[in-house]
Amino acid sequence: MKILVTGGAGFIGSNYVYQVLHRHPEDEVVVLDALTYAGNLENLKQLERDPRFRFVKGDICDAALVDDLVKGVDAVVHFAAESHVDRSIMDPGVFVRTNIIGTQTLLDACRRNGNVRFHHVSTDEVFGSLGATGLFSEQTPYDPRSPYSASKAGSDHLVRAAWHTYGLPVTISNCSNNYGPYQHPEKLIPLFITNLIEGKTVPLYGDGMNVRDWIHVEDHCEGVDLVLRKGTIGETYLFGGRSERSNAEITNLILFEMGAGQGKIERVADRLGHDRRYAIDPSRAERELGWSPKTPFLHGLRKTIAWYTSNEAWWRNVKSGAYREYYEKQYGSRPTPGVSR
Ligand code: NAD
Ligand code: DAU
């Protein structure tokens, strides 16, 4: 199969490209990525000389380019997005452009070129926030609450509309919080690991009791690939790690594994509109695709700490330059509860 992978220079996209070419040696992959602050060609370095791989730098909103690339492939797997909730709170416009207009641009190209198979990678955040109990399932109504999740919900609806209206062969997957190698250090787990290596504090939002359902990126990528090859057209599949943890619990685990003390925790003001709890019921994917999350959380976390420890050049490069400005904007003036600056 020849696959166009959008956002393949990002965290999950790059892990997906490696996995696909490993599992399906006969496949070919074309990556389309704009190399925003989150995209990094270093993530794909091991494929530089692989004849099955081609990289194209470009924007998913560029209709002519997208049309040209879609013409030559059997399927599109769509990861490209603005992905960070805190950035969406600072500047929602680019999320609307990339996540909504970009997705529609790809759908139009798939339709124009003979109904190319389209898989859309989405998030559990479209379902809003859970109380103390319950799980998201494929039947949960949409209730997005941040600019990021609202833009992803918009893109999901456009993908479903392309199936219902034009019969475009689509599938959607909504996944919980990923962690693993090549994740940008703006996100909780790599931020905290790399801050500790640098001897800095770790900024924990609010009371630290918000809960996320953590899944290793390789398990998510396996799920995406199974949906692409075995999923029922027009359907949605949810992936999660069956591994709910509060942010405080994650923080304590990282501190313990890295031999750091509680004094490294800096309590900072909460994220605006911070969703309290996400958790996934992945039983449909387990039943229908034979998928399951295989990486136990502690094992995956240790592997991830080891990866960031032995790939310092990668994240130091990412954390330098423009990222410094973002970090200062996000955390520099953020009031610490009970402390006046
Ligand atoms: P990421 O931010 O690491 O990577 C996004 C990639 O998209 C980057 O390489 C970036 O350069 C590229 N990109 C951004 N705008 C583009 C544009 N206009 N044109 C072309 N490329 C563009 O994100 P990620 O964490 O790898 O997430 C990938 C996808 O998975 C996203 O759609 C996200 O919503 C979804 N998702 C992420 C998680 C998670 O925990 N990270 C969980 C569920 C779903
Ligand atoms: O649920 C899936 C989503 O998971 C994906 O769709 C998003 O693309 C991905 O970024 C992620 O969103 P979150 O907002 O859950 O991830 P983040 O790593 O930013 O935050 C995880 C939790 O940790 C969240 O409750 C906020 C908290 N947090 C985060 C940061 C960056 C902190 O306490 N301090 C921090 O500095």
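Indexing begins at 1, ligand by ligand and atom by atom, following the structure's order. The first residue of the sequence shown is numbered 1, and numbering continues consecutively from there.
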Are the aromatic rings of [X] and [Y] close, with centres under 6.0 Å apart?
X    : Y    : answer
H220 : Y16  : no
W307 : W315 : no
F136 : F127 : yes

Would you say the side-chain atoms of R52 pair up with the backbone N or O of L21, donor to acceptor, closer than 3.5 Å? yes
Between R284 and E138 (side chain of the first, backbone of the second, donor and acceptor by atom type, cut-off under 3.5 Å), is there such a pair?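 Checking the backbone N and O of E138 against the side chain of R284, no donor-acceptor pair under 3.5 Å is found.
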Is any N or O atom of [X], backbone or side chain, closer than 3.5 Å to an N or O atom of ligand 1?
X    : result
F79  : yes
I12  : yes
N178 : yes
D59  : yes
H78  : no
S83  : yes
D33  : yes

Is the closest heavy-atom distance from [X] to ligand 1 below 4.0 Å?
X    : answer
T6   : no
A9   : yes
G8   : no
Y148 : yes
K152 : yes
G102 : no

On the 0 to 90° scale, with breaks at 30° and 60°, tag the F118-H78 ring pair as parallel, tilted or perpendicular.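 Aromatic pair F118/H78 classed tilted.
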At what distance is the nearest protein heavy atom to [atom], and which residue and atom is it?
atom                    : result
atom 4 (O) of ligand 1  : G10 CA, 3.5 Å
atom 21 (N) of ligand 1 : A34 N, 3.0 Å
atom 42 (C) of ligand 1 : S176 O, 3.3 Å
atom 35 (C) of ligand 1 : V121 CG1, 4.1 Å
atom 19 (N) of ligand 1 : I60 N, 3.0 Å
atom 25 (O) of ligand 1 : F11 CD2, 3.7 Å

With heavy atoms under 4.0 Å as the rule, classify the contact between L35 and ligand 1 as side chain, backbone, both or neither.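 The answer is the backbone.
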Indicate, as side chain, backbone, both or neither, the part of C61 found under 4.0 angstrom from ligand 1 when only non-hydrogen atoms are considered.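 No part of C61 comes within reach of ligand 1.
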Going by the order shown, which atoms of ligand 1 are within less than 4.0 Å of some heavy atom of [X]?
X    : answer
A80  : 7 (O), 21 (N), 22 (C)
G58  : 19 (N), 20 (C)
S122 : 43 (C), 44 (C)
A38  : 2 (O), 8 (C)

Looking at [X] and [Y], does any basic side-chain N land under 4.0 Å from a carboxylate oxygen?
X    : Y    : answer
E222 : K294 : yes
K200 : E266 : no
R23  : D225 : no

Side-chain donor-acceptor pair under 3.5 Å between [X] and [Y], yes or no?
X    : Y    : result
N311 : Y308 : no
T171 : H120 : no
D156 : N174 : yes
Q104 : D108 : yes
N195 : Y327 : yes
Y37  : H84  : no
Y278 : E125 : yes
D213 : N177 : no

Measure from atom 14 (C) of ligand 1 to every heavy atom in A81, S14, C175 and give the option owning the shortest one.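 Going through A81, S14, C175 one by one, A81 has the nearest heavy atom to atom 14 (C) of ligand 1.
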Could you check if a side-chain atom of N252 sits within less than 4.5 angstrom of a side-chain atom of I265, using non-hydrogen atoms only? yes
Qualifying residues under side chain to side chain donor-acceptor pair (under 3.5 Å), relative to N40, sequence neighbours excluded: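 Counting only residues at least two positions away or on another chain, N40 forms no side chain to side chain donor-acceptor pair (under 3.5 Å).
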So what's ligand 2 close to, N/O to N/O, under 3.5 Å?
unit_1   : atom_1 : unit_2 : atom_2 : d
ligand 2 : 1 (O)  : D124   : OD1    : 2.5
ligand 2 : 1 (O)  : N177   : OD1    : 2.8
ligand 2 : 4 (O)  : N177   : OD1    : 3.4
ligand 2 : 4 (O)  : N177   : ND2    : 3.1
ligand 2 : 6 (O)  : T123   : OG1    : 2.7
ligand 2 : 6 (O)  : Y148   : OH     : 2.6
ligand 2 : 8 (O)  : S83    : O      : 2.7
ligand 2 : 8 (O)  : Y148   : OH     : 3.1
ligand 2 : 10 (O) : S83    : O      : 3.2
ligand 2 : 12 (O) : E125   : OE2    : 2.9
ligand 2 : 14 (O) : R271   : NH1    : 2.6
ligand 2 : 14 (O) : R271   : NH2    : 3.3
ligand 2 : 15 (O) : N177   : ND2    : 2.8
ligand 2 : 15 (O) : R212   : NE     : 2.9
ligand 2 : 16 (O) : N177   : ND2    : 3.4
ligand 2 : 18 (O) : L188   : N      : 2.8
ligand 2 : 19 (O) : R271   : NH2    : 2.9
ligand 2 : 23 (O) : N247   : ND2    : 3.4
ligand 2 : 25 (O) : R212   : NH2    : 3.3
ligand 2 : 25 (O) : N247   : ND2    : 2.8
ligand 2 : 25 (O) : H274   : NE2    : 2.7
ligand 2 : 33 (O) : Y205   : N      : 2.9
ligand 2 : 34 (N) : P203   : O      : 2.7
ligand 2 : 36 (O) : P203   : O      : 3.3
ligand 2 : 36 (O) : Y331   : OH     : 2.6

